[in-house]
Amino acid sequence: VMENVLKGKTVLQLIICGLVAEVLWIVLFVSQTLYPNFRGERFLPQDPLNGVLAIVLCAQVLLYIIVSRIGVTAKDRFIIIIFSVLFAGTLIGTLFPITSTDIYGYISYTRSVTKYHDNPYYITHNNYPDDPLFPHLSKLWLDLENPYGPFLTTLYLIPGFAARDTFVFQVVFFKLLPTFFFFGAAYCMFALSQLLFPTRAYRVLLLFLWNPLILFEIVQNAHADIIMAFFLALSFLFVAKKESLKGWAAFVSSVLIKY
């Protein structure tokens, strides 16, 4: 009976923490709607959205510390995953990255291939001033050649072709790709944990999927680093399973994301 009582307490704690975290992400979502023309350019230090962001992230970190003290088991996995998907959906909905312009670089380089059939390693987006997306893209990236690896450039062809000339779709689809790899990386870490320290595997899953800084930087700011991290974690997983050849293939894939 006592075990069931404690278990019910754990579930309730997770649900309450999950709901509070989701409310905080919604506050960020609503706050961004006050800046409909924002395209990732630098804000002034006194800008109100900076204050909202600071409050939301500080509150999320404090909440995360509380979550980290909750003991979770296999029976809690659905609550962990469902809330993480909910967090990600809200952050994808806060369309424009707040503290990064990298996504506009990804879009620029990809359109050089998908729309103009040029090589983004030699041609900059300034060569396409008539591009319908040109006015929406951050000026920081328009005169730079693609600095990323060939595998990442290839992966970004998927959202690039799918979104076509619609700017909102471009932003959403280019946020969906790193979000997909975010959950893939979570699986790799969970699977590794089950092999190395199985009693802590679900705790690792919780701490990764609910980490506010990872969620903010990967889902909201759409950084491609998670794709590199996914293939690196996948290589570790293959090595742990004694599948060295697959491990090397995943490791090389990770390297080709950034270089």
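Only this structure's heavy atoms are used, side chains among them; waters, hydrogens and symmetry mates stay out. By convention here, the first residue in the shown sequence is residue 1. Please read these numbers as outputs of a predicted model, since none were measured by experiment.
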Can you name the nearest heavy-atom pair linking Val56 to Leu24, along with the distance?
-> CG1-O, 3.7 Å

Val168 backbone acceptor or donor facing Thr166 side chain under 3.5 Å | no

Tyr116: partners by ring-ring contact (aromatic ring centres under 6.0 Å, His included), with sequence neighbours left out | Tyr128

Considering all heavy atoms of both residues, which atom of Ile123 and which atom of Glu145 are nearest to each other, and what is their separation?
-> N-CG, 4.5 Å

Not counting sequence neighbours, which residues clear side-chain hydrogen bond (donor to acceptor under 3.5 Å, both in side chains) with Gln60? List them please.
-> none

Phe231 backbone acceptor or donor facing Ser253 side chain under 3.5 Å | no

Is a side-chain donor or acceptor of Thr10 paired with a backbone partner of Val72 at a separation under 3.5 angstrom?
-> no

Test item: Ile103 and Phe96 side chains (from C-beta on) under 4.5 Å apart, heavy atoms | no

Under the side-chain contact (heavy atoms from CB on, under 4.5 Å) criterion, do Tyr202 and Asp76 qualify, and how do the steps go?
-> CA-CA 8 Å; Tyr202 289 97; Asp76 303 311; over 6 Å; no

Is any side-chain heavy atom of Phe87 less than 4.5 Å from a side-chain heavy atom of Phe83?
-> yes

With the side chain counted from C-beta on, respond yes when Ile218 and Thr179 share a heavy-atom pair under 4.5 Å apart, and no when they do not.
-> no

Let me see the working for Phe151 and Ile227 under side-chain contact (heavy atoms from CB on, under 4.5 Å), right down to the final yes or no.
-> CA-CA 10 Å; Phe151 190 28; Ile227 304 177; 6.0 Å; no

Taking every non-hydrogen atom, the tightest pair across Thr99 and Leu53 | CG2-CD2, 3.5 Å

What distance separates Leu57 CG from Phe216 CZ, expressed to the nearest 0.5 Å?
-> 5.5 Å

Shortest non-hydrogen pair, Asp131 vs His125, comes out as OD2-NE2, 2.8 Å

Which residues satisfy the side chain to side chain contact (heavy atoms under 4.5 Å, CB included) test with Leu213, sequence neighbours excluded?
-> Asn211

Does any pair with a residue in residues 154-168 pass salt bridge (charged side-chain N to carboxylate O under 4.0 Å, His left out), and if so which ones, sequence neighbours excluded?
-> Arg111-Asp165, Lys115-Asp165

Between atom CG of Leu152 and atom CG of Leu157, what is the distance when rounded to the nearest 0.5 Å?
-> 10.0 Å

Residues which pass ring-ring contact (aromatic ring centres under 6.0 Å, His included) with Trp141, listed by chain and number, not counting sequence neighbours | none

Apply side chain to side chain contact (heavy atoms under 4.5 Å, CB included) to Ala163 and list each qualifying residue two or more places apart in sequence or on a separate chain.
-> Phe169, Gln170, Phe173

Taking only residues two or more places apart in sequence, or in another chain, which ones meet Tyr156 in a ring-ring contact (aromatic ring centres under 6.0 Å, His included)?
-> Tyr106, Phe174

Quick one: closest heavy-atom pair of Ser108 and Leu142, and the distance?
-> OG-CD2, 4.1 Å

Side-chain donor/acceptor pairs under 3.5 Å, residues 235-252, sequence neighbours excluded:
unit_1	atom_1	unit_2	atom_2	d
Ser235	OG	Leu232	O	2.5
Glu243	OE1	Lys246	NZ	3.1

Side chain proximity check, Ile107 to His136, heavy atoms < 4.5 angstrom = no

Could you please spell out the steps behind the side-chain contact (heavy atoms from CB on, under 4.5 Å) verdict for Asp118 and Asn127?
-> CA-CA 10 Å; Asp118 281 329; Asn127 288 278; over 6 Å; no

Separation between CG of Leu206 and CZ of Arg200, rounded to the nearest 0.5 Å | 14.5 Å

Looking at side-chain heavy atoms only, is the closest gap between Ser68 and Leu207 below 4.5 Å?
-> yes

Who are the side chain to side chain contact (heavy atoms under 4.5 Å, CB included) partners of Tyr121, not counting sequence neighbours?
-> Asn119, Asn146, Pro150, Thr153

Residues in side chain to side chain contact (heavy atoms under 4.5 Å, CB included) contact with Pro147, at least two apart in sequence or another chain | Tyr109

In chain order, what residues pass the salt bridge (Lys or Arg N to Asp or Glu O under 4.0 Å) check against Glu22, with sequence neighbours excluded?
-> none

Note: Pro178 and His223 closest approach over all heavy atoms is CB-O, 3.7 Å

Hey, what do you get for CG (Asn126) to CZ (Phe134), rounding to the nearest 0.5 Å?
-> 4.5 Å

Side-chain touch Ile66/Leu62, heavy atoms, less than 4.5 angstrom | no

Would Trp210 and Tyr64 count as a close aromatic pair, with their ring centres under 6.0 Å?
-> no

Show the atom names and distances, to 0.1 Å, of all donor-acceptor pairs under 3.5 Å that link a side chain in residues 183-198 to residues at least two apart or in another chain.
unit_1	atom_1	unit_2	atom_2	d
Ser193	OG	Met189	O	2.7

Under 4.5 Å between any side-chain heavy atoms of Thr110 and Pro159, yes or no?
-> no

Side-chain heavy-atom pair Cys17, Ile70 within 4.5 angstrom cut-off = yes

